[in-house]
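The chains referred to below are lettered A, B, ... by the order of the sequence lines, with proteins before strands, and numbering in each begins at 1.
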Protein chains: 2
Amino acid sequence: MSLATVAAAAEVSISTVSRIVNGQTHRASRETIERVRGAIETLGYRPNQLGRALKRGESRVVAMLTANLNNPVMATVASSAEAALRAAGYVMILCDTHDRPELQDEYLKAMRSQAVQGYILVTNVKSPGLAEFVARGEPAVFACRRNPYASGAFVGIDNVGAGADAADYLWSRGCREPAVLFPAQSSSTIEDRLAGFSMRLLELGGRCSKAEAPGLSHLDVGYEAARSLLDRASLPQGVMCLSDQIAYGAHRLFFERGLRVPDDCVMVSIDGSTLSSWLAPWLTSVRVPYHEFGRHIVDLLGEIWRGEASGERILPHAFQSDVSSDFE
Amino acid sequence: MSLATVAAAAEVSISTVSRIVNGQTHRASRETIERVRGAIETLGYRPNQLGRALKRGESRVVAMLTANLNNPVMATVASSAEAALRAAGYVMILCDTHDRPELQDEYLKAMRSQAVQGYILVTNVKSPGLAEFVARGEPAVFACRRNPYASGAFVGIDNVGAGADAADYLWSRGCREPAVLFPAQSSSTIEDRLAGFSMRLLELGGRCSKAEAPGLSHLDVGYEAARSLLDRASLPQGVMCLSDQIAYGAHRLFFERGLRVPDDCVMVSIDGSTLSSWLAPWLTSVRVPYHEFGRHIVDLLGEIWRGEASGERILPHAFQSDVSSDFE
DNA sequence: AGTATCTTGGCAAACGTTTGCCAAAGCTGT
DNA sequence: ACAGCTTTGGCAAACGTTTGCCAAGATACT
């Protein structure tokens, strides 16, 4: 079914139907408009987005490239972005790059040939394709992780501040020499959180030991980092985990070794996922408002499309207090 | 950049370039082909999928409608479907219906106007739009939850059998009168698991008490169902939770009341998400191979497109034994 | 030499839209 | 009666593809 079908049913030309579909009411008589609207209604016509996109040069499709959908943080951001895009009349293509540069480049090319109108990037993996992409000035918003090639549209939190808050928390709980667990594969987010944490601790007069580990997922990272920590030194009073997932991994090792959190060792992390309040009551988290990210991402995309200079959106973080507000 | 650009660069006609792009090597001389390939290479040309889709009538885009991306089960299925689609040269549009009928209908219409080539549906919410959709015979594969209007392509597990396995497990642990926790909002999956569980228990000579609760998410369901259970009767030896999320919710209530799992009460569930092995070592699960779903979904879609009668794929489930195989 | 076949490649229509332009008709005012 | 304006609506080109058809040249066969 196409404009032609409707036009035939209403006995007008295709152009007339097209104009009415697009709300140009001053180009046809009231009577014609009603006839056409009736035909559209009875046929259940909806304009073909392919034809429209081809002609108009805007597809109303946005691509989201995410590092790993199985990470609940990414899933939450994807979900909130999807909802915000839908509300704005867009549709989301989801691409899971698994943080692999070749796959990322492949996706960037594929999305270009899909003529997508904008990009949401949750990645900081460098790749030749991404470098060109940024250089071409494609309309993109980075979320969680900063653009590794340039500054620009970004939605995230003040990771330095969040790290500092975690340090304050541990300090207030009496930890003077906490450990910090972090992944070998770094990123702007990780670095900032780490920097904020250790700087604040230094300011306060404390010091921290660091345990780093490689790993496919932050779960593994946490587990391995905790292992190397415990194998190397005695149990610290407190442990700072740079993400919830790292905390989960670390907790697993603690559990296996019969250590109890927070009785034997306080644990703090950054992310504050909803699941933690159910499954990890032992964990204290700096809560990041991932549910809000989508709205701001779409705002920024809008600014870019309108040609406005678009900056960063740094959203507020806080210690987890009221869980209920987590649900919309 | 379009075929026209390449044609100009290679000094041939648009048709010739198009044929070469599509692998018709017998319609041009070796020399011409090389010249065209060179031009494509240097320009970095990729065919515009919009034009192609419009002409060919197949968009190589598949829509996935999922009930709630924040549910890790859905996220896993989405992730595996995305990977399988990508490998087959397709692209995935993700739609989060939040199990709301109007939103589902809105998405179905929107996807139709996007000319998507196939659908992956993780829903059993009835809606007028879905009824028409099924009646039209659109190419769709249902995953996890069965088509509420007809039989047909489906990927899932034997939920009756999984329920029975859970009953066997609790029986083997000495539970003679376990409780079962389930959501008020039912579905084929829930019903089957419940039926399999209680039938097997009856066969074995046991009986079960049931606790049902409404809730936005299964986390709430588990919490509330556990509350109503404990308020009503004494603590059973074992609790069967119809999903991992229900188990998490129930555990939270148990934790608040100072009850320990599995010391005070054995808990079993169906899903076996990766996260459980990290965060919920107290939980025993029937493991569902959600990571494999994507592959089978795409297989079935292929069968449908080729016009083959496509049936159901019932994948094997098992008790969680080796966690490591969970990762690809 | 004449005919048949193969190779090479271009023309043009079509997919469903949008929109600038033109034309016919209906009006007003002189 | 005629110029000028508004209303109404159609024609046709364009977006980037694909593909049936035709044509010119080359080669092979009788």
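- A 4.0 Å heavy-atom criterion places the boundary nucleotides of DNA chain C facing chain B at C:dT8 to C:dG16, written 5' to 3'.
- Projected onto DNA chain C by closest heavy-atom contact, B:S13 and B:G51 fall at different nucleotides, the more 5' of which corresponds to B:S13.
- Taking B:R306 as the reference, B:E308 meet the salt bridge (Lys or Arg N to Asp or Glu O under 4.0 Å) condition, with sequence neighbours excluded.
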Please tabulate, for side-chain N and O atoms in residues 23-30 of chain B, each donor-acceptor pair with protein atoms closer than 3.5 Å (sequence neighbours left out).
{"unit_1": "B:S29", "atom_1": "OG", "unit_2": "B:T32", "atom_2": "N", "d": "3.2"}
{"unit_1": "B:S29", "atom_1": "OG", "unit_2": "B:T32", "atom_2": "OG1", "d": "2.7"}

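- Each of B:I33 and B:L54 has a nearest nucleotide on DNA chain C; the 5'-most of these lies closest to B:I33.
- No more than 12 heavy-atom neighbours from other residues, nucleotides or ligands sit within 6.0 angstrom of CD on B:E11.
- Remark: aromatic rings of B:Y90 and B:W305 are close, center separation under 6.0 Å.
- Checked against salt bridge (Lys or Arg N to Asp or Glu O under 4.0 Å), B:E292 has the following partners two or more places apart in sequence or in another chain: B:R295.
- Salt bridge status for A:R52 with A:E58: absent, with no side-chain N to carboxylate O gap under 4.0 Å.
- For DNA chain C, the residues of residues 38-49 of chain A within the heavy-atom distance limit of 4.0 Å (strictly under) are A:Y45, A:P47, A:N48, sorted by number.
- Within 4.0 Å (heavy atoms only), B:S18 reaches at least one base atom of the nucleic acid.
- Counting any heavy atom pair closer than 4.0 Å across all strands shown, B:R27 reaches a base atom.
- Remark: the backbone N or O of A:P72 is paired with a side-chain donor or acceptor of A:T76 at under 3.5 angstrom.
- At the heavy-atom level, B:S15 lies under 4.0 Å from base atoms of the strands shown.
- Contact annotation for B:V21: no contact, since no heavy-atom pair falls under 4.0 Å across all strands.
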Could you pull out every donor-acceptor pair under 3.5 Å between side chains of residues 126-134 of chain B and any protein atom, sequence neighbours left out?
{"unit_1": "B:S127", "atom_1": "OG", "unit_2": "B:Q104", "atom_2": "NE2", "d": "3.1"}
{"unit_1": "B:S127", "atom_1": "OG", "unit_2": "B:D105", "atom_2": "OD1", "d": "2.6"}
{"unit_1": "B:S127", "atom_1": "OG", "unit_2": "B:L130", "atom_2": "N", "d": "3.2"}

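- For the pair A:T16 and B:L50, both in contact range of DNA chain D, the more 5′-proximal nearest nucleotide belongs to A:T16.
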